[in-house]
Amino acid sequence: MSGIADLPYRFEVTATTAEIRERFPALGPGEETGVMVSVAGRIMLSRPQGRFAFIELRDSSGTIQLFGVEGVARDLKQLGRLSLGDWIGASGEVVCTKRGELSVKVLDWVLLAESRRGLGDKWKGISDVELRYRHRELDLWVNEASRRKLRARSKMVSLLRTWLDKRGFIEVETPILHPVAGGALARPFVTYHNALGAELYLRVAPELYLKRLVVGGFERVFEIGRVFRNEGISPRHNPEFTMLELYQAYADYRDLMALTEELVAYLAQEITGSTRLIYADRIVEVGPPWRRATLYELVAENAGVDVSVKMPIERLRRIADDLGVPVEPSWGPGKVVLEIYEKTTEANLWDPVFVCDYPKEVSPLARQHRDDPVLVERFEAILVGRELANAFSELTDPDDQRTRFEAQMALRAAGDEEAMVLDEDYLRALEEGLPPTAGLGIGLDRLAMLLVDAQSIREVIPFPTLRPFHSSRSYGTGGALEDPSDRDRDVFEK
RNA sequence: GCGCCUCUAGCUCAACUGGCAGAGCAACGGACUCUUAAUCCGCAGGUUGGGGGUUCAAGUCCCCCGAGGCGCACCA
């Protein structure tokens, strides 16, 4: 086999394997077409047999058999000696073998890249989850289900962009490095800018910048972007995850309920072919309309107790205690009510429901409810027992916002590391004038999980966060990378 | 962060109550005129995640460390 230095710089592909199958869906055994194609991909299986060679070639669209015949294919012997995992380009005629397999009868071929490590067991592939996530490229070659999930996610995001674009939303990109991490109750990652000599935070939400753009006259904006929260890792949490946030001027949270159910139903229909999804072996119907219910109602249904933020704190604590829900002494009524809901109710909500009207105390950026001053106009969309979306009629009053920020700062001073920091730039923007606006956030990883029936968030993230690997142990190393042969060294040192 | 479980050849997995670390596939060498996880012959492959301890003897029992999975906590 020739050296790495001889590998070509490009290869002219004239057909994908899928295109060949589309064009010749029903060739009979032994038929020839006279049609010449050039295909490229990786060798997944190889069956050299004397003066023939049968090779399964896979590209991003599918697979096709390469059929090598001595005297027809260039250097059949070498063709049959290629390893599983090698990339090759091959040109030849589309034919059907005597046994009825659609094939490319190879005339010429070229090695495009060597696979020094192989692709795992050719029948069982790889299943070690750590290997799958640390070396996702292997997983993708070997496991069809992994390819399917990541492709579906990509399609979901693409459909989402188009859908929002059609409704007049414009896409923007706001800063990821924040001088203060605002817009969500979460602990941030901290970093440092040398030239500025200043600490910066990786954003926990794009919210405040997006609303400043609404102040600037972008009446419908959205951002799809990574946010970072310094929290634990679990099958439903990755430290960096992708959020859709959108803001619509002149709208309130009821408008966003309609938007949310319509959007999710559309994505489900386009990606799975139905609004009736199967998740974790259970059916969930996401077609609109979704149920709308208040947080109080749902707690009454699921925990069998009436709660209200207006109740005396002692009474709320007693209710929580009776339900076995631990509460901190520092918590106010709103936080206790929310805690009761989260511990007793949320996980039971399988079918989609808009949980409406949250305590003001726990929603520092949401606008006071028009009918109840201790609540805000906020909803969370819950599906399969999990929060999928969070939205509210935005707080537009700068004085009220300052008061809310100050309450957050008090919590922070009392040791709550997730409490918000007062953001003067944002307050100034509100003073400049934010029209009535509704805002929505959807965790896209979670949405993708729902659509592809993934039980772990890692399945829909190409490279999920894992603990850095330090020990001398290594995965799948045959020593080749650590010990390049002399033949390859000059290439590495170029 | 805490609890439980897992880690054996490149991959997928065996190895009873502690008793000589094995197989299939891959890789490597060879045979084969239509294969479909081709088949056949041959060859090689390991500090059993790392370190320490108990024992005549440790993949197996004990301790420490590392990584992963699940659950709890936190959140989306």
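So that the names make sense, note that chain A is the first sequence line, chain B the second, and so on, each numbered from 1.
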request  = Specify the residues of residues 442-462 of chain A, ordered by number, for which at least one heavy atom lies under 4.0 angstrom from an atom of RNA chain B.
outcome  = A:Arg446, A:Ile457, A:Arg458
key: Contacting residues from residues 40-55 of chain A, given that a heavy atom lies under 4.0 angstrom of RNA chain B   = A:Leu45, A:Arg47, A:Pro48, A:Gln49, A:Gly50, A:Arg51, A:Phe52, A:Phe54
request  = State which residue, out of A:Tyr426, A:Tyr209, A:Phe228, A:Tyr201, fulfils the ring pair (Phe, Tyr, Trp, His ring centres under 6.0 Å) condition with A:His178.
outcome  = A:Tyr209
For [X] and [N], is the shortest distance between a side-chain N/O and OP1 or OP2 below 4.0 Å?
X: A:Ser127; N: B:C13; answer: yes
X: A:Ser234; N: B:A76; answer: no
X: A:Arg81; N: B:G30; answer: yes
X: A:Lys77; N: B:A31; answer: yes
X: A:Arg117; N: B:G10; answer: no
X: A:Lys124; N: B:G10; answer: no
X: A:Arg229; N: B:A76; answer: yes

Please give the nucleotide sitting opposite [N] as a Watson-Crick or G-U wobble pair, both distances under 3.5 Å, or none.
N: B:A58; result: none
N: B:G49; result: B:C65
N: B:G42; result: B:C28
N: B:C72; result: B:G1
N: B:A23; result: B:U12

task = Identify which nucleotide among B:A37, B:U12, B:G68 has an atom closest to any side-chain atom of A:Asp121, counting heavy atoms from C-beta outward.
result =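 Minimum distance to the A:Asp121 side chain belongs to B:U12.
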message = Side chain of A:Val129, heavy atoms from C-beta onward: which of B:G69, B:C11, B:C34 has the nearest atom to it?
response = B:G69
key: Sugar-phosphate only, base, or nothing, as touched by A:Asn238 at under 4.0 Å among non-hydrogen atoms   = base
request  = Identify, between A:Gly100 and A:Gly120, the residue whose nearest nucleotide on RNA chain B lies closer to the 5' end.
outcome  =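 On the 5' side of the pair lies A:Gly120.
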key: Electrostatic pair A:Arg187:A:Glu418 at N-O distance under 4.0 angstrom   =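 A:Glu418 and A:Arg187: not salt-bridged.
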Note: A:Glu459-A:Lys149 ion pair, threshold 4.0 Å (strictly below) = yes
Modelled atom types, side-chain donor and acceptor of A:Glu339 and A:Tyr341, under 3.5 Å =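 Looking only at side-chain atoms, A:Tyr341 and A:Glu339 do not form any donor-acceptor pair under 3.5 Å.
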